There are 2 protein chains.
Amino acid sequence: MTKPSLRTVPSTRKPRAGRVKGAGRAPVPDIASALRERIATQEIAPGSKLRENELALEFGVPRTRVREALAVLEQRGLVQRIPNRGAVVIRLELSQVTHLYDVREVLEGLCARLATVNGDPARWQSTLAHFRGPMARYVAEGDIDSYIADYEAFRRELITSARNPVLANMLDSILERTQALIRRIIILPGRAELGLRQHTALLEAMCSGDADKAEQLRRENMRSAKDFLERYRKYIL
Amino acid sequence: MTKPSLRTVPSTRKPRAGRVKGAGRAPVPDIASALRERIATQEIAPGSKLRENELALEFGVPRTRVREALAVLEQRGLVQRIPNRGAVVIRLELSQVTHLYDVREVLEGLCARLATVNGDPARWQSTLAHFRGPMARYVAEGDIDSYIADYEAFRRELITSARNPVLANMLDSILERTQALIRRIIILPGRAELGLRQHTALLEAMCSGDADKAEQLRRENMRSAKDFLERYRKYIL
DNA sequence: GTAGACATTTTTGTTGACAGGTTTGTGCCG
DNA sequence: CGGCACAAACCTGTCAACAAAAATGTCTAC
């Protein structure tokens, strides 16, 4: 019943290359990354249709390349493609998020263990200090952005230190799919404070070279994140 | 000042080109599966080049479809694609296998735990009996094929019972990449016997509903498999 | 006899066009 | 006034031809 007002480009062709984004030639990985970014930031809402022609026009690339990028995103679990109907952004159900967090728990645990085993303990001292000092202040002052940014850096450092490309790839895949949520979890009452304590404990275990404990602590951390998520699911999903 | 490519005049008429043979139409996933199978069985050796034209001809499909299939295989980590040089089957280094097994350890552990939690304990009684009876006989008699087949069935049952699609997908991904190895690991001296004992112990834990123990036992099982692999690496890789 | 330059062939990368299916808009009939 | 059938527009799936790059083969010069 809704009048389909203003469909873009009624009859006038775009005469010039009106490429809004990258000028000429964007490689497939770049297109996939750009799309991934938009999905993560919810610039493209879950459930939206991704029209190939539209994207091809915007990026100024042939449709085939957009198609390849969509195939990558499908393999990565970010979009769902229905034959002859196109690609839509995956809508996160609670069950799906639970599945992701169950897997993430053991993978992050492994990551913490490997990072502890691989590096020398002294390496994490400065990070521990950072969590005890500035990070604690961020939490106390409610500077969520700084806290998230530095936490992400720490997480990346863990992955790098683990030196396991397979693990890194899988963790990336999970992060891509849950990134839209972390900001909403972290502002839950008490979550940041608990997380901070847990990260500090983890770093202490890592500094003392106790890999088993590091793994266990990291897993507990993930489990508690999942608990928060399930408890406050109404406010998040 | 990009000169827009001149619009081609549709002068050539296509006389409904008939397909030469009954060479059917294979969808992209089928081609990917076929290739995956060949890689797993080493019908295509690691390091081989996969020529698009060749495969297109063999499958009786246009080259584009082979190309898509190769893209899937690349995302799955089974082949490596170098720009302008084509796709080659990944060659497994020991370090890579170690990485895969480290990740597999925690994922299989999670799988065992979830399978224990989700199903009722009685469900695994018959499987336990199967491992104590026929499976033990297979090992004693050296009937490796039957042993592997039934073990694979058990493994799939675990994955199904875990009811976690994310986990299932990742375990599949790992299996695809290591499948060429399992047969060689299992024939190592003492491996099958140890594995049998470990699987039996795992099933006992599952029957008693002890999820934590199940996870731990499964992880030990994987770790010992990795140990065998590293000890006998000369004979395997 | 070998190394290097050039020509040929093979293989991959890219593009636009066409065909089939789905959604959307419109008119007719109950 | 609402629902159904039909037609148009749109979108995706598919394909074969074209262009560029790499690999291969050949010949010549030293």
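Note on naming: letters A, B, ... go to the chains in the order of the sequence lines (proteins, then strands), and numbering restarts at 1 for each one. Excluded from the calculations below are hydrogen atoms, water molecules and symmetry mates; all remaining heavy atoms, backbone and side chain alike, are included. All values reported here derive from a predicted model rather than from experimental measurement.
Salt bridge annotation for B:Glu157-B:Arg123: present, with a cationic side-chain nitrogen under 4.0 angstrom from a carboxylate oxygen.
Contact annotation: B:Arg85 side-chain N/O to D:dA22 OP1/OP2 distance is not under 4.0 Å.
Rounded to whole Å, atom P of C:dT10 lies 20 Å from atom CG of B:Leu50. One can place CZ of A:Phe59 at 15 Å from P of C:dT15, the figure rounded to the nearest angstrom. Atom CG in B:Leu70 sits about 9 Å away from atom P in C:dG13, given to the nearest Å. When rounded to the nearest whole Å, the span between CG of A:Asn53 and P of C:dT22 equals 19 Å. Summarising the geometry, the separation between CG on A:Leu57 and P on D:dC10 is reported as 14 Å, rounded to the nearest angstrom. Note: CD (A:Glu74) to P (D:dG13) measures 9 Å, nearest angstrom. Following rounding to the nearest Å, B:Ile31 (CD1) and D:dT14 (P) show an atom-to-atom distance of 10 Å. As rounded to whole Å, 16 Å separates atom P of D:dC11 from atom CD1 of A:Ile82.
More than 12 heavy atoms of other residues, nucleotides or ligands shown are found within 6.0 angstrom of CZ on B:Arg184. Within a 6.0 Å sphere centred on CZ of B:Arg85, heavy atoms belonging to other residues, nucleotides or ligands number 12 at most.
When the nucleotides D:dT12, C:dG16, D:dG13 are ranked by their closest atom to the side chain of A:Arg81, D:dG13 comes out on top. Which of C:dT23, C:dT12, D:dA16 sits closest to the side chain of B:Pro62 comes down to D:dA16. Each of D:dG13, C:dT12, C:dT15 was ranked by its minimum atom distance to the side chain of A:Thr64; first place goes to C:dT15. In this structure, the nucleotide among C:dC18, D:dC15, C:dT15 sitting nearest to the side chain of A:Arg63 is C:dC18. Across C:dT15, D:dG13, D:dC15, the shortest atom-to-atom separation from the side chain of A:Arg65 is found for C:dT15. For A:Asn84, taking side-chain heavy atoms from C-beta onward, the closest of the listed nucleotides D:dC15, C:dT22, C:dT12 is C:dT22.
Judged purely by atom type and a 3.5 angstrom limit, B:Ser173 has no side-chain atom pairing as donor or acceptor with the backbone of B:Asn169.
B:Asp172 is listed as a side-chain neighbour of B:Arg156, based on a closest heavy-atom distance under 4.5 Å.
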